[in-house]
Amino acid sequence: MNDDFDGEIELVCGVDVSYQQEIAHCSAVIVKKKTLEAVEVARSRSIAKFPYIPGLFMLRESNPIMHALKLLKNPFQLLLIDGHGLLHPRRCGLACYIGIITNKPTIGVAKSLLCGSLQSDGFVKYNEEILGYAIKRDTKPRKTIYVSIGHKIGLPTAVKLVRALTKTGELIPEPLRVADITSKDHGNRE
DNA sequence: GCGACAG
DNA sequence: ATCTTGTCGC
């Protein structure tokens with residue numbers, strides 16, 4: 001897949017979901033690409049209507065995510081999703097699914113592998129295909145994120161963008177790091 | 001049949 | 001994801 005977007009990327013959105021029993025708390029965060037400063041946070045609460053099944057993650061998280069995205073006021077040119085994109089048993093992870101629905105350039109960022117194996121050069125191969133890339137901060141495997149294509153973007157560009165969106169010393173790109181934190185703030189404040 | 005398995 | 005104390009390490 002090649003890059004399919006024009007103009008500069010100014011605002012990037014990251015979205016994450018946490019759970020409290022069967023209540024899904026979703027947070028969508030918009031960050032300025034240049035400064036990594038968060039400019040907007042949108043939240044949605046909903047009932048999880050599908051169990052977590054590896055490979056069918058989209059059936060559980062797509063509705064909460066789409067709901068939160070619709071609440072955003074600012075336009076964004078890139079979307080980061082906490083889960084795999086092309087690096088998926090059916091080559092269609094949550095990031096592909098959300099990318100197709102929103103029709104925005106989308107990148108999948110996961111904290112562990114669902115399928116495929118890590119090569120010494122950092123790329124992840126599955127069924128003889130290079131479907132993702134591992135970015136690591138430590139020698140420890142858990143300190144690694146797996147980047148794969150979601151929609152309208154190529155893997156090299158996706159990796160560059162993820163790196164550019166990650167603060168020094170951090171592992172998770174800022175939009176997702178903030179979304180992860182705010183989605184877990186089950187409290188109520190404006 | 002057995003094990004692996006995003007969040 | 002979430003349940004959870006103390007503990008190892010920079």
Side-chain angles (χ1 to χ4, degrees), chain A residues 1 13-29 43-69 79-102 106-119 122-151 153 155 158-159 162 165-173 175-187:
Chain A
M1 171 81 65
C13 176
V15 56
D16 193 17
V17 184
S18 69
Y19 295 88
Q20 193 175 41
Q21 317 304 353
E22 287 303 283
I23 302 175
H25 298 263
C26 182
S27 177
V29 177
R43 299 154 153 283
S44 77
R45 276 190 345 181
S46 51
I47 302 297
K49 297 175 179 176
F50 201 86
Y52 165 64
I53 297 176
L56 298 180
F57 199 27
M58 61 285 281
L59 296 182
R60 180 171 174 81
E61 295 208 331
S62 60
N63 283 338
I65 289 174
M66 289 311 297
H67 192 122
L69 290 181
L79 182 57
L80 265 48
I81 295 293
D82 67 317
H84 292 293
L86 194 63
L87 184 50
H88 176 278
R90 261 76 71 183
R91 297 177 33 125
C92 187
L94 176 64
C96 299
Y97 190 84
I98 297 297
I100 291 169
I101 295 175
T102 61
T106 305
I107 300 173
V109 178
K111 300 175 200 65
S112 63
L113 285 177
L114 171 61
C115 65
S117 54
L118 176 59
Q119 301 183 150
F123 287 96
V124 180
K125 183 198 287 182
Y126 180 64
N127 283 347
E128 306 305 305
E129 284 185 299
I130 298 300
L131 300 182
Y133 185 80
I135 296 179
K136 52 192 180 323
R137 217 181 72 63
D138 281 340
T139 59
K140 301 165 184 175
R142 199 59 188 176
K143 292 269 189 178
T144 300
I145 59 173
Y146 303 91
V147 177
S148 64
I149 296 321
H151 192 58
I153 198 170
L155 185 55
V159 172
V162 168
L165 290 164
T166 305
K167 285 187 174 179
T168 305
E170 294 291 339
L171 173 66
I172 310 296
L176 286 179
R177 198 181 69 79
V178 177
D180 179 68
I181 293 171
T182 56
S183 74
K184 287 172 180 168
D185 284 344
H186 296 177

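So that the names make sense, note that chain A is the first sequence line, chain B the second, and so on, each numbered from 1.
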Look at the rings of A:Tyr146 and A:His84 and say which category their plane angle falls in: under 30° parallel, 30 to 60° tilted, over 60° perpendicular.
tilted
Nucleotide range of DNA chain B lying under 4.0 Å from chain A heavy atoms:
B:dC5 to B:dG7
Using a cutoff of under 3.5 Å, can you pull out all pairs of nitrogen or oxygen atoms linking the protein to nucleotides 2-4 of chain C, with atom names and distances?
| unit_1 | atom_1 | unit_2 | atom_2 | d |
| --- | --- | --- | --- | --- |
| C:dT2 | OP1 | A:Tyr19 | N | 3.3 |
| C:dT2 | OP1 | A:Tyr19 | O | 3.3 |

Heavy-atom side-chain proximity of A:Ile145 to A:Val162 below 4.5 angstrom:
yes
Runs of at least three Watson-Crick or G-U pairs with DNA chain B, cut-off 3.5 Å
none
Test your reading of the model: is there a side-chain donor-acceptor pair from A:Thr106 to the backbone of A:His151, 3.5 Å cut-off?
no
Donor-acceptor check, side chain of A:Ser183 to backbone of A:Ser27, threshold 3.5 angstrom: yes or no?
no
Without swapping roles, check the side chain of A:Arg43 against the backbone of A:Thr182 for a donor-acceptor pair under 3.5 Å.
yes
Considering only distance and modelled atom types, tabulate donor-acceptor pairs under 3.5 Å from the side chains of residues 48-63 of chain A, sequence neighbours left out.
| unit_1 | atom_1 | unit_2 | atom_2 | d |
| --- | --- | --- | --- | --- |
| A:Arg60 | NH1 | A:Phe50 | O | 2.7 |
| A:Glu61 | OE2 | A:Tyr19 | OH | 3.0 |
| A:Ser62 | OG | A:Met58 | O | 2.7 |

Using a cut-off of 4.0 Å on non-hydrogen atoms, how would the nucleic acid contact of A:Leu94 be classed: base, sugar-phosphate, or nothing?
base
Counterpart residues, ring-ring contact (aromatic ring centres under 6.0 Å, His included), relative to A:His67 (two or more places apart):
none
A:Ser148 side chain vs A:Gly85 backbone, donor-acceptor pair below 3.5 Å:
yes
Looking for any heavy atom pair under 4.0 Å, which part of the strands does A:Leu56 touch: base, sugar-phosphate only, or nothing?
base
Which atom pair, heavy atoms only, marks the closest approach of A:Asp82 to A:Val17?
OD2-N, 4.3 Å
Once you apply a heavy-atom cut-off of 4.0 Å, does A:Gly108 come out as touching a base, just sugar-phosphate, or nothing?
nothing
Could you write out DNA chain C as a dot-bracket string, with dots for unpaired bases, | for bases paired across to another strand, and Watson-Crick or G-U pairs counted at under 3.5 Å?
..........
Expressed as a whole number of angstroms, how long is the span from A:Lys111:NZ to C:dA1:C1'?
10 Å
